[in-house]
Amino acid sequence: MNNMSKLSTPGVTGNILSSDTYGAEKTENAPFGTALIRVAETNPHIVGLTADLGKYTDIHLFAERFPERFFQMGMAEQNLIGAASGLARTGFIPFATTYCVFATRRAYDFIAIGAALGQANVKIIAGLPGLTTGYGGTHQGIEDLALMRSIPNLTVIDPCDATELAQVIPVIAEHPGPVYMRLLRGQVPVTLDPAGYQFELGKAKLLCDGNDVAIISTGLMTARALKAVDQLAGQGIQAALLHVSTLKPFDVESIISLLRRVPRVVTAENHVITGGLASAVADAVTNGGIPVRMRRIGIPDVFCDSGSIPYLINRYQLDATSISAAALELVRS
Amino acid sequence: MNNAQTSEPQSKIRSLEHRALSLRRHVLRMAERVGQGYVGQGLGIADLLAVLYFDEMKYDAKNLKWSDRDRFVLSIGHYSIGLYAALAEAGVIEIDELDTYGADESRLEMSGSEITPGFEMTGGSLGHGLGQAVGMALGLRLDKRQARIFTLLSDGELQEGATWEAAMAAAHYSLDGLFAFIDCNNQQADGPPARVLNVEPVHQKWEAFGWDTQRIDGNNIGALVDAIDRAKTVNGKPHAIVLDTLMGKGVRAFEQREKNHFIRVDASEWSALREQLESGMTPSGDERIS
Ligand SMILES: Cc1ncc(C[n+]2csc(CCOP(=O)(O)OP(=O)(O)O)c2C)c(N)n1
């Protein structure tokens, strides 16, 4: 029997191991696992941990390559983070994987105290961000960025594609201190050209320029925002697109300078619209004292349904057309 | 199945075995419809659910909120396929609704939750069930009700700290109306617990936590009935019944599969699998039933 022979049938909740590629032309397999191995080849301090989700978070590749530097902690997320913090205190650089929900909900206190307050050099790599699984409220990490952003000392990153993900890993391995990164696993779309893009911790990147409307996006929403920019161009509207993969520390300067010039902004995030990117942008413009008109694309204040990913994206309006429609409304009103 | 040691009348055992076979048919029907699912778990736990829903538990399929009902608390949300089968067989949901398993807008989610009638809580974020079961048992006792709590957790859930916090509380409060079944099917997401993170000795752990504990063949209806009967004679302690079960029980191809945490099968293969179930699960003393 072939376990993985077909992609998820439309209209049916997908296998938890399958990853939706949203029709991407190009994908890469397991960019996180591959990048971690690459870094670990030269840095003997890198160690890996998981909580019964090795092959579900691509860290099984690291485990196969460096079995003696890998610790399977079983389905015990609090201990996963506790032990990672302890490893960090003995000089290692632990990459600990589970899903967003189990890291941020079950192990919150352990992240806040063991990792963040202790400034332990722990890298938390969290799968199934936002609506990347159809498994409903228990598995969809819809509010993790809000939770993680509110913890002092913690760096928070939501990479957009395989290119950026692969670039983030060596950077955070070098960066001293606790990091929370949202993981895209399995077949991951390639949206950015590695030749033309370089991830920098704490820096937003202007991917497109235009003066009619600004779009600020994070994580996988950047791919949809790029499509929205094209849709808008088709209507004669020039949109700027600022991609913000580091949510904390937040690149206030880039945001202020863009929104001073283009004071109409649509934010787009694979996350609830409270406490994540939209809130960070709103904080930045309020503190900066610049009047802007703003529309927020993201998950509303609800636990989401179960279902297929296309169904959920449509139901909660996280598609490219929802972004461009919000931008159009800002331009035209 | 061999039920030689049971003290129960064979007719009752046989009728429960027929129920378990029905549940297994429902499980295959759901999974075949979408080509995938937690089939191994659904098949493996069918015997327990047959005994609970068609022998032990008091409930009213037409009045799910009846205050004195016994409660079945499913901690392992991904085992929902098994519970949907039992709820359909019990008349809580329509049999035809089983065809919506995992479909958009269906109440029968891949990882079940309390949107489905008959689900007392939302499990699936594993490690929640026993704590809520403890609370329900405390509440029912405070209310002076005789209703009991039957909860199902997995061997993987023994790794969650929350399970043991709840276990300690249940013993402290002498919750003898609480029956916890621990499905030791020897699988979790990354492989068998012995390789992932050892959970044994399971029996001794529950005993050490102050529980009345038994360990039995969880695919033997007679043994299940006997164990529950025996547990009911023990007062002052919560009851742990550790079940050794076979994932995919009843369908040889699934029983023999190494990786059966989640199963995906091509459309062409289901009829052979159905055939395996029908030929393999003849209840004791019966000729093959149709
Ligand atoms: C708190 C939590 N951590 C991780 C998971 C992901 N997960 C889903 S099923 C599973 C394996 C759990 O073990 P068990 O229930 O024994 O597995 P099975 O017998 O179904 O193979 C894991 C780790 C989860 N659902 N909840």
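Every value quoted in this text rests on a predicted model; they were computed, and no experiment measured them. Every chain is numbered from 1 and lettered A, B, ... according to where its sequence line falls, protein lines coming before strand lines.
Listed by sequence position, A/Phe102, A/Arg106 are the residues of residues 94-111 of chain A in contact with chain B, using a 4.5 angstrom heavy-atom cutoff. Taking 4.5 Å as the heavy-atom cut-off, none of the residues of residues 79-88 of chain A approach chain B. Of all residues in residues 54-72 of chain A, those placing a non-hydrogen atom less than 4.5 angstrom from a non-hydrogen atom of chain B are A/Gly54, A/Lys55, A/Tyr56, A/Gln72.
Side chain of B/Asp104 to backbone of A/Ser308: a donor-acceptor contact under 3.5 angstrom is found. Between the side chain of A/Thr13 and the main chain of B/Gly102, a donor-acceptor pair closer than 3.5 Å is present.
When the shell of 6.0 Å around CZ of B/Arg29 is examined, it contains more than 12 heavy atoms from other residues, nucleotides or ligands. For B/Glu258, the CD atom counts as loosely surrounded, since its 6.0 Å shell holds 12 or fewer non-hydrogen atoms of other residues, nucleotides or ligands. Under a cut-off of 6.0 angstrom, the local environment of CD in B/Glu94 is sparse, with at most 12 non-hydrogen atoms contributed by other residues, nucleotides or ligands.
Atom CD of B/Glu105 sits about 7.5 Å away from atom CZ of A/Arg315, to the nearest 0.5 Å. The OG1 atom of A/Thr133 sits 10.0 Å away from atom CE of B/Met110, with the distance rounded to the nearest 0.5 Å.
Heavy-atom pairs under 4.5 Å with chain A peak, among B/Leu126, B/Asn198, B/Val199, B/Thr122, at B/Leu126. Each of B/His78, B/Glu157, B/Glu160 has some count of heavy-atom pairs under 4.5 Å with chain A, and the biggest count is that of B/Glu160.
Annotation for A/Leu53 and B/Ala189: closest pair CD2-CB, 4.4 Å, computed over non-hydrogen atoms. Nearest heavy atoms, B/Val196 versus A/Gly74: CG1-CA, 3.8 Å. Shown here for A/Asp52 and B/Asp190, the closest heavy-atom pair between the two residues is OD1-N, 2.7 Å.
Checked against side chain to side chain contact (heavy atoms under 4.5 Å, CB included), B/Thr213 has the following partners two or more places apart in sequence or in another chain: B/His203, B/Trp206, B/Glu207, B/Trp211, B/Ala240, B/Val242.
Contacts of A/Asp305 with chain B are absent, with no heavy-atom separation under 4.5 Å from either backbone or side chain.
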